[in-house]
Protein chains: 4
Amino acid sequence: MEKREVHASVKDERLVEKRRKQMIKGAVTLFREKGFHRTTTREIAKAAGFSIGTLYEYIRSKEDVLYLVCDYIYEQFQENLQEEFHKSDGTVEGLKRSIAYFYQSIDERQDEVLVMYQEVKALTKDALSYVLKKEIEMVSIFEQLIQRCVDKGEIELNEKEVCLMAHNIFVHGQMWSFRRWALNKTYNLEEYIELQTDLLLKGILNKRDVESKTF
Amino acid sequence: MEKREVHASVKDERLVEKRRKQMIKGAVTLFREKGFHRTTTREIAKAAGFSIGTLYEYIRSKEDVLYLVCDYIYEQFQENLQEEFHKSDGTVEGLKRSIAYFYQSIDERQDEVLVMYQEVKALTKDALSYVLKKEIEMVSIFEQLIQRCVDKGEIELNEKEVCLMAHNIFVHGQMWSFRRWALNKTYNLEEYIELQTDLLLKGILNKRDVESKTF
Amino acid sequence: MEKREVHASVKDERLVEKRRKQMIKGAVTLFREKGFHRTTTREIAKAAGFSIGTLYEYIRSKEDVLYLVCDYIYEQFQENLQEEFHKSDGTVEGLKRSIAYFYQSIDERQDEVLVMYQEVKALTKDALSYVLKKEIEMVSIFEQLIQRCVDKGEIELNEKEVCLMAHNIFVHGQMWSFRRWALNKTYNLEEYIELQTDLLLKGILNKRDVESKTF
Amino acid sequence: MEKREVHASVKDERLVEKRRKQMIKGAVTLFREKGFHRTTTREIAKAAGFSIGTLYEYIRSKEDVLYLVCDYIYEQFQENLQEEFHKSDGTVEGLKRSIAYFYQSIDERQDEVLVMYQEVKALTKDALSYVLKKEIEMVSIFEQLIQRCVDKGEIELNEKEVCLMAHNIFVHGQMWSFRRWALNKTYNLEEYIELQTDLLLKGILNKRDVESKTF
DNA sequence: TATGAATGAGCCTTCATTCAT
DNA sequence: TATGAATGAAGGCTCATTCAT
């Protein structure tokens with residue numbers, strides 16, 4: 001469950017960072033195209049711009065690449081979300097902005113999200129646990145964002161509803177990447193965000209607000 | 001996009017049917033446990049109860065097995081949904097029953113759903129298209145079920161909202177299988193169904209109904 | 001320490017036996033020429049007359065080949081020695097015959113002995129233990145052969161001397177293979193056997209015998 | 001057959017000497033533990049206390065390390081034996097002392113002897129020849145030591161017997177290292193030396209001596 | 001039809017060696 | 001001189017697929 005340190009033979013940490021970035025970038029593209037299993041380590045090395053030998057100076061096994069990719073993506077999202085969390089003011093408008101922002105980042109990182117989403121299960125149990133923990137943390141950020149609105153009296157939901165709604169928000173984000181083949185025939189990102197948010201919030205807004213807003 | 005005929009060397013159609021059932025059953029379990037790529041054809045043959053040679057009398061390639069599995073699962077669900085569709089009366093209550101029924105079948109076939117869900121991407125383009133077409137059909141059934149309610153005036157949604165809601169219903173079903181690791185800590189199936197349906201319908205029910213129901 | 005069963009995927013035991021014989025024969029030659037580590041599994045397969053895939057139907061790892069080779073050689077020698085043991089009559093003449101016979105078989109199987117001798121250490125601990133146990137058994141046969149002569153009063157040695165002499169007999173046999181490069185400049189097999197036996201027995205023969213024999 | 005000069009890029013001979021000593025020391029331990037083939041050059045460099053790049057400033061190939069190790073060990077033994085040779089007085093007692101001394105040094109350098117003994121065959125033909133020549137020289141020292149006793153009339157042996165006995169003495173020394181796993185259950189070094197010498201000399205001592213010693 | 005032995009392309013990984021700094 | 005990152009040939013092993021029986 002702890003952050004798994006991927007072993008590198010190379011000592012220079014800057015270099016490790018740099019090479020891994022190259023690696024992740026190349027790997028994401030490949031994984032996206034052919035999936036983790038159909039991608040060979042040689043292809044990863046080549047895409048990263050170095051030799052197979054060099055690749056293995058920075059990882060211990062092919063699975064490490066997948067872990068690195070997943071970790072990287074989660075890290076990015078979590079960072080963004082964390083920020084969003086701190087900006088949050090407990091208003092429904094704020095929640096909406098956070099959601100919009102989250103879906104936008106997913107849209108920007110489509111490939112990465114899709115890869116992470118489709119290949120996590122190829123991780124070993126260890127790595128998987130760690131990654132899932134991260135996912136729970138992200139969902140829980142949404143949970144808290146919603147809860148703030150509830151606390152402020154802007155929306156009415158009990159605890160379990162808050163939790164489920166957080167999951168839904170999260171999954172609707174992923175959806176935009178894994179069901180893109182179907183969704184983007186009908187919606188562009190803006191529409192998708194607006195419609196999903198509307199459907200989500202319809203009916204849970206406190207009467208007072210609804211009235212003041214509708215009329 | 002047409003239904004792909006998987007070639008069998010064996011002529012006796014009854015036998016083909018029988019053997020493929022065995023095959024699918026064994027494969028689902030294996031794919032569930034280890035994923036498509038980590039499962040070997042030998043294992044599939046063994047799990048199906050015959051030899052590797054025999055396996056290849058009924059398929060042409062390993063991927064055929066995956067296709068057969070996916071096709072089988074979709075077929076099952078589609079059949080069920082079709083039935084549901086015919087029973088539908090355009091009331092919100094009916095829609096709720098259909099959703100509940102759909103989620104229940106997903107719960108009953110967890111393994112299969114998960115497999116299909118995680119491994120479809122391993123299908124060749126051809127097979128994938130066919131399978132995705134099926135998925136669209138299923139979503140479209142929900143679309144029609146919702147539309148009937150709209151037509152009847154029970155709920156208020158425009159076309160795009162109907163479509164998105166259909167997708168959501170579908171994805172929330174899958175969610176119950178692919179996020180089970182997180183969800184079933186908090187909800188059992190009944191709760192999940194009830195809460196999701198509530199969140200879904202809150203606010204889109206026509207005022208009249210809401211009033212008559214709430215007061 | 002137990003006899004290690006080397007796993008074969010192929011069920012037909014006769015075939016396994018046959019293929020392994022081919023394998024061992026090819027491997028011995030190669031190991032002799034280049035040593036275990038410098039021999040590739042592909043070379044072994046080729047020398048055995050089948051493909052690399054087939055090789056791995058009969059073993060699980062390269063080390064299995066070495067084990068099979070060692071086991072085979074020991075088995076051969078042990079069988080021979082066992083026989084010799086049963087024929088033994090407790091006379092010094094008998095002991096001499098046994099030694100001569102042992103050295104002759106070593107001479108006949110030079111390559112095998114050398115391989116076994118030089119490569120055993122490459123075995124895993126498990127396999128090594130088993131193989132060393134066999135070696136102890138062989139030494140102990142000589143120990144018993146000598147002891148019989150002692151019991152019969154033909155030679156005079158205490159327990160520890162008997163044991164050491166058994167080791168010496170054994171090692172002198174191996175010597176004929178691993179120091180052949182030096183020894184066969186000076187001696188042919190017959191000479192070697194005679195001289196070693198003479199040096200060995202000189203002085204340990206009971207006086208009575210010596211006298212009656214010498215004079 | 002000539003002493004092979006191992007090429008070093010570094011010019012400073014003192015440094016070369018120093019670095020090689022470090023190298024040999026580290027390598028012996030590693031070779032002992034894992035054998036030559038399973039030891040990597042990186043491990044050797046690390047054990048020697050410098051980097052892989054530096055290692056290659058003092059050798060040209062991994063095999064050079066093995067050669068250096070073997071050469072070093074032989075050199076040590078030969079030096080010792082040479083000394084012994086000069087001290088020798090042609091008495092059986094003297095021979096016994098030399099043997100005892102030889103076996104003691106083997107005991108002291110167990111690891112080195114074992115390594116040399118098990119890994120020489122990994123040397124290239126060239127290096128092997130050179131090293132075997134050294135071994136012949138060592139055996140021949142024993143030959144001469146024995147011959148002196150024969151010349152002095154202390155023991156009775158013909159030329160071929162002298163030669164074989166020299167080989168035996170040498171091999172019994174090695175034996176103490178390569179059969180240690182079996183021998184040291186029964187004997188400690190002192191016993192081993194005494195028993196081997198006894199068995200060796202029994203019966204070849206000139207009658208006169210035997211009588212004078214026994215009675 | 002059913003079997004399972006045989007095949008070999010191809011994968012992941014290691015490690016001796018080089019070379020720019 | 002010393003370093004250690006980079007290289008890529010080569011090795012062990014797997015597994016989808018075929019085919020003779």
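Chain identifiers are assigned alphabetically (A, B, ...) following the order of the sequence lines, protein sequences preceding nucleic acid strands; residue numbering begins at 1 within each chain.
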By nearest nucleotide on DNA chain F, pick out whichever of B:His37 and D:Asp12 is the more 5' one.
D:Asp12
How do B:Ile52 and D:Thr40 order along DNA chain E: which one's closest nucleotide is nearer the 5' end?
B:Ile52
Looking at the side chain of D:Leu15, which of F:dT1, F:dT7, E:dA6 is the nearest nucleotide?
F:dT1
A:Val10 has its side chain closest, among F:dA6, F:dA2, F:dT7, to F:dA6
Tell which nucleotide pairs with F:dA9, taking only Watson-Crick or G-U wobble pairs whose two distances are both under 3.5 angstrom.
E:dT14
Can you identify which nucleotide, out of E:dA16, E:dT7, E:dT17, has its nearest atom closest to the D:Ser61 side chain?
E:dT17
Check this for me, if you would: do C:Lys134 and C:Glu75 make a salt bridge, where the nitrogen-to-carboxylate-oxygen distance has to be below 4.0 angstrom?
yes
Write down the distance between NZ (A:Lys11) and P (F:dT3), rounded to a whole number of angstrom.
11 Å
Length of the line joining B:Glu43:CD and F:dT14:C1', which is rounded to integer Å
12 Å
Quick one: does C:Arg42 reach the base of F:dG12 with a side-chain donor-acceptor pair under 3.5 Å?
yes
Electrostatic pair D:Lys34-D:Glu43, nearest N-O below 4.0 angstrom:
yes
Take atom OH of C:Tyr56 and atom P of E:dC11, then tell me their distance rounded to the nearest Å.
18 Å
Roughly, in whole Å, what's the span from CG in C:Asp64 to P in F:dC13?
9 Å
Taking atom types as modelled, find out whether C:Gln76 and C:Tyr72 have a side-chain donor-acceptor pair closer than 3.5 angstrom.
yes
Taking only the side-chain nitrogens and oxygens of C:Thr54, find out if one of them lies under 4.0 Å from OP1 or OP2 of E:dA6.
no
Whole Å only: how far is the CG atom of D:Leu55 from the P atom of E:dT18?
12 Å
Could you say whether C:Thr39 or A:Arg19 is positioned toward the 5' end of DNA chain F, judged by the nucleotide with the nearest heavy atom to each?
A:Arg19
Integer-rounded Å distance: F:dT18 P and C:Phe50 CZ:
23 Å
Does C:Tyr58 put a side-chain nitrogen or oxygen below 4.0 Å from OP1 or OP2 of E:dA5?
no
Using whole Å, report how far CD of A:Glu63 lies from C1' of E:dC12.
13 Å
In the structure I gave you, are the side-chain heavy atoms of C:Arg4 and C:Asp64 within less than 4.5 Å of one another anywhere?
yes
A:Phe36 or D:Arg38: which one's nearest nucleotide on DNA chain E is closer to the 5' end?
A:Phe36
Starting at CD1 of A:Ile44 and ending at P of E:dC11, how long is that distance when rounded to a whole Å?
12 Å
Can you tell me if B:Thr41 touches the phosphate of F:dA16, counting only side-chain N or O atoms and a distance under 4.0 Å to OP1 or OP2?
yes
Starting the side chain at C-beta, find the nucleotide from E:dA16, F:dT3, F:dG4 nearest to D:Lys62.
E:dA16
Which base, if any, makes a Watson-Crick or G-U wobble pair with F:dG4, both distances under 3.5 Å?
E:dC19
Check the surroundings of atom NZ in B:Lys21: do more than 12 heavy atoms from other residues, nucleotides or ligands lie under 6.0 Å from it?
no
Salt bridge between D:Arg19 and D:Glu13, side-chain N to carboxylate O under 4.0 Å?
no
